[in-house]
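The block underneath contains the structure these notes are about, expressed in structure tokens.
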Amino acid sequence: MNETARISTLKGIGEKTEKIFQKAGIYTIGDLIRYFPRGYDVYEEPVPISELEEGKTMTVTGSIYGRIQVGGSPKMQITTVYLKDISGTLKVIWFRMPFLRNTLAKAGAITLRGRVIRKKEGLVMEHPEVFCPASKYDLKQDTLQPIYPLVTGLTNHAVMKAVRQVLEECDVGEGILPKDMVREYQLSDYRRAIYGIHFPKDKEEFYHARKRLVFEEFMLFILSLRMLKESEERVLNPYCFRKQPQIEKFLNSLPFELTDAQKTVWREIKNDMAGIHVMSRLVQGDVGSGKTIVALLAMMYTGLNGYQAAMMAPTEVLARQHFENINHMLQEYEISLKVGLLTGSMTARQKRIVYEAVEAGEIQLVIGTHALIQEKVIYKNLALVVTDEQHRFGVKQRESLANKGVSPHILVMSATPIPRTLAIIVYGDLDISVINELPKNRLPIKNCVVDTGYRNTAYRFIKNQIAQGRQCYVICPMVEESETLEVENVTDYTENLQEIMGVNIKVQCLHGKMKQSQKDEIMEAFSKNEIQVLVSTTVIEVGIDVPNSTVMLIENAERFGLAQLHQLRGRVGRGKYQSYCIFMSASKSKETKERLDILNESNDGFFIASEDLRLRGPGDLFGIRQSGILDFKLGDVFQDSQVLQQASEVANLILEEDPQLEKEKYESLKQQVQKIIQGGMLETTL
Ligand SMILES: Nc1ncnc2c1ncn2[C@@H]1O[C@H](COP(=O)(O)OP(=O)(O)OP(=O)(O)O)[C@@H](O)[C@H]1O
């Protein structure tokens with residue numbers, strides 16, 4: 001019997017049963033071997049009847065006391081007995097098992113394992129598994145019994161029986177990992193791993209079995225991804241980028257020096273742009289780490305080389321902010337490049353003027369929302385597109401540009417703090433740069449978590465900061481599921497706060513329902529310090545950069561996720577002044593406190609992400625899981641991040657040693673990789 005044999009070759013699986021197995025996706029012996037349990041049931045030591053607990057599955061040993069009754073209807077016969085031990089008596093019932101009567105009648109001591117429920121007459125054990133004589137239970141005690149995912153008609157027992165038969169009669173092979181690697185990483189032998197995942201003797205055996213299989217699963221995936229990437233034809237770089245002395249001059253005259261991390265990333269980008277192939281690079285860095293300046297450098301570099309660059313921002317407010325900043329810098333440093341803004345809310349006439357200038361090449365740098373790509377903008381010679389991860393510059397957009405005859409360099413900016421190995425998987429088709437340090441002049445943000453009783457003190461603190469020339473954000477209490485209420489809420493809150501702050505301080509609200517032009521005006525006034533306190537919903541979450549703002553007061557902090565709070569807090573602490581974040585919470589729950597304390601303790605996005613993971617479990621960290629990219633059969637990219645790291649290292653080593661997997665020892669590995677690539681299983685990632 002080999003792996004490709006149909007499961008009907010197994011004893012006891014006829015045509016009808018085969019169909020049921022097929023519904024669960026099990027066609028062959030190989031499918032069955034890799035039909036892993038979704039959990040395990042532990043057969044614990046029997047307890048005295050008096051210690052049984054309602055709602056639990058438990059085990060008791062005793063002897064039958066009194067008569068064995070079989071009643072109910074002919075269709076639903078119910079067998080009822082009483083089991084007795086020295087601590088008490090328990091009623092036990094079985095459904096549709098009248099034949100048990102004979103076994104039970106002859107039994108001495110028996111062991112029963114089943115769910116305990118409460119009925120009128122007291123605790124009852126319903127439909128338990130019978131071990132007769134009681135000593136039969138010894139074999140099962142302390143073992144882990146697999147619980148398989150099931151479909152209608154398929155019982156756990158049927159899967160267990162079939163798997164057991166296969167493992168007894170079939171050679172499961174040696175797996176795809178070469179022996180030397182198994183030894184080096186102290187992985188379990190493949191046969192033992194397969195046996196151990198289905199029928200582990202104990203938790204340790206399960207752990208080792210799972211580790212081996214997860215390792216294999218991750219490595220296969222990463223290897224396939226890399227090989228696919230290698231085999232893909234990368235577009236040759238049609239652009240000619242030369243050194244631009246003006247860039248060096250600009251860098252030298254900036255009021256700050258780039259951090260080492262920024263310098264490295266900038267070098268990587270320059271190399272890419274002058275390289276053989278078109279760039280596809282992700283720049284990852286925590287909030288405020290200085291990604292934007294690197295993107296601006298890349299854009300200037302493009303412009304100075306005689307090409308056009310486009311930057312797609314996630315919101316109009318942000319697009320305008322980038323537009324103002326870059327314009328300001330170009331003027332200040334006398335760089336003669338022209339910048340255009342293109343957003344959805346502009347009038348048709350305003351847009352047409354920009355379109356024409358872009359087409360004529362009079363504008364070299366275009367900043368905008370995704371209107372940049374969606375609408376019919378014709379570029380004279382587009383050579384760079386900067387975008388953010390929310391607008392992942394996917395295959396589709398690339399195609400739509402390619403159709404217009406352009407394949408620009410692509411630069412994606414991301415503030416999502418995910419580990420590098422994971423980033424390699426999530427952003428499979430991009431090269432990755434990491435800005436892993438904050439600018440030197442930064443003072444760590446001082447945090448505090450307080451209850452609403454502290455509000456007046458917080459307001460006094462804000463007044464004090466404003467008296468010193470600084471500015472503040474207040475994130476308004478959230479109102480669930482009602483945008484209208486939320487608007488009312490922000491407006492009322494603002495009026496109230498204005499009264500408290502007095503006439504010399506300008507308090508202004510900002511919310512998503514406002515007209516774009518109004519939002520722009522407010523943001524501009526705020527960046528000029530004509531407004532001192534900005535009361536806002538979370539619209540300011542992404543990317544707003546006003547370094548003079550030093551206080552962030554977040555009302556109802558308990559209602560936000562950790563990642564979102566970290567992004568919000570990232571709006572302060574962006575300049576040379578000491579900044580503060582006040583998380584105000586109306587909740588007294590212990591969990592909320594524990595969550596907010598994490599932010600109180602640390603300003604590090606990676607740490608916060610990992611703590612978020614620890615508290616919430618591998619639910620949906622930053623929405624990545626929702627994308628469906630990371631659905632592995634056994635492995636969990638968050639929980640098994642160490643194994644992922646190792647698997648990634650090994651994949652690298654293998655490809656370095658044998659890029660085409662031609663050596664004999666990699667034969668089965670190669671077969672699996674080809675199966676994955678040809679089966680299109682990686683398409684969601686690329
Ligand atoms: N090396 C540096 N030294 C000092 N200040 C810097 C440095 N690099 C950038 N800055 C300043 O720090 C602030 C934050 O930088 P930037 O907006 O580029 O961060 P970011 O990584 O894009 O942040 P976010 O993810 O929050 O949008 C800006 O005001 C910028 O001018």
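For ligands, and for the atoms within them, numbers begin at 1 and follow the listed sequence. Note that the numbering runs from 1 along the sequence shown for the chain.
If you look at Q567 next to ligand 1, there are no close heavy atoms at all, none under 4.0 Å. Counting heavy atoms closer than 4.0 Å to ligand 1, residue P547 contributes side-chain atoms (C-beta onward) but none from N, CA, C or O.
Of the N or O atoms in F256, none lie within a sub-3.5 Å distance of an N or O in ligand 1. Not one N or O of K440 is nearer than 3.5 Å to an N or O of ligand 1, by distance alone.
A salt bridge does not link K519 with E316: every distance from a Lys NZ or Arg NE/NH1/NH2 to an Asp or Glu carboxylate oxygen is 4.0 Å or more. Ion pairing between a basic and an acidic side chain is recognised when a charged N comes within 4.0 Å of a carboxylate O; K263 and E257 show such pairing. Ion pair E555/R455 flagged as a salt bridge, since at least one NZ, NE, NH1 or NH2 atom sits closer than 4.0 Å to an Asp/Glu carboxylate oxygen.
The closest approach between any non-hydrogen atom of G288 and ligand 1 is below 4.0 Å.
For ligand 1, the atoms sitting less than 4.0 Å from at least one non-hydrogen atom of I293 are 18 (O), numbered in the order shown with element in parentheses. Every atom of ligand 1 with a heavy atom of L258 under 4.0 Å away is listed here by number and element: 1 (N). Heavy-atom contacts of T259 reach the following atoms of ligand 1: 1 (N) (cutoff under 4.0 Å). The ligand atoms of ligand 1 that sit less than 4.0 angstrom from a heavy atom of E257 are 1 (N), 2 (C), 3 (N). Close approach to R571 involves these atoms of ligand 1, each under 4.0 Å from a residue heavy atom: 26 (O).
When each of Q321, R320, K515 is checked for a side-chain hydrogen bond (donor to acceptor under 3.5 Å, both in side chains) with D520, only R320 meets the rule. Screening E324, Q331, E332 for a side-chain hydrogen bond (donor to acceptor under 3.5 Å, both in side chains) involving H328 leaves a single residue, E332.
Among H322, R574, M413, the residue whose heavy atom lies nearest to atom 26 (O) of ligand 1 is R574. Selection from K263, Q284, R442 by nearest heavy atom to atom 12 (O) of ligand 1 gives R442. With atom 30 (C) of ligand 1 as the reference point, the heavy atom nearest to it among D545, T292, L318 is part of D545.
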Practice prompt. Any chance you could lay out the side-chain contact (heavy atoms from CB on, under 4.5 Å) test for V339 and F323, step after step, and finish with the verdict?
Written response: CA-CA 7 Å; V339 196; F323 172 74; 3.7 Å; yes
Worksheet entry | Candidate pair R281 and E268, rule salt bridge (Lys or Arg N to Asp or Glu O under 4.0 Å), full reasoning | CA-CA 9 Å; R281 185 168 287 279; E268 286 168 343; 3.7 Å; yes
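Relative ring orientation between F526 and Y473 is described as tilted, the plane-to-plane angle lying within the 30° to 60° band. Between F250 and Y333, the ring-plane angle classifies as perpendicular under the 30° and 60° cut-offs.
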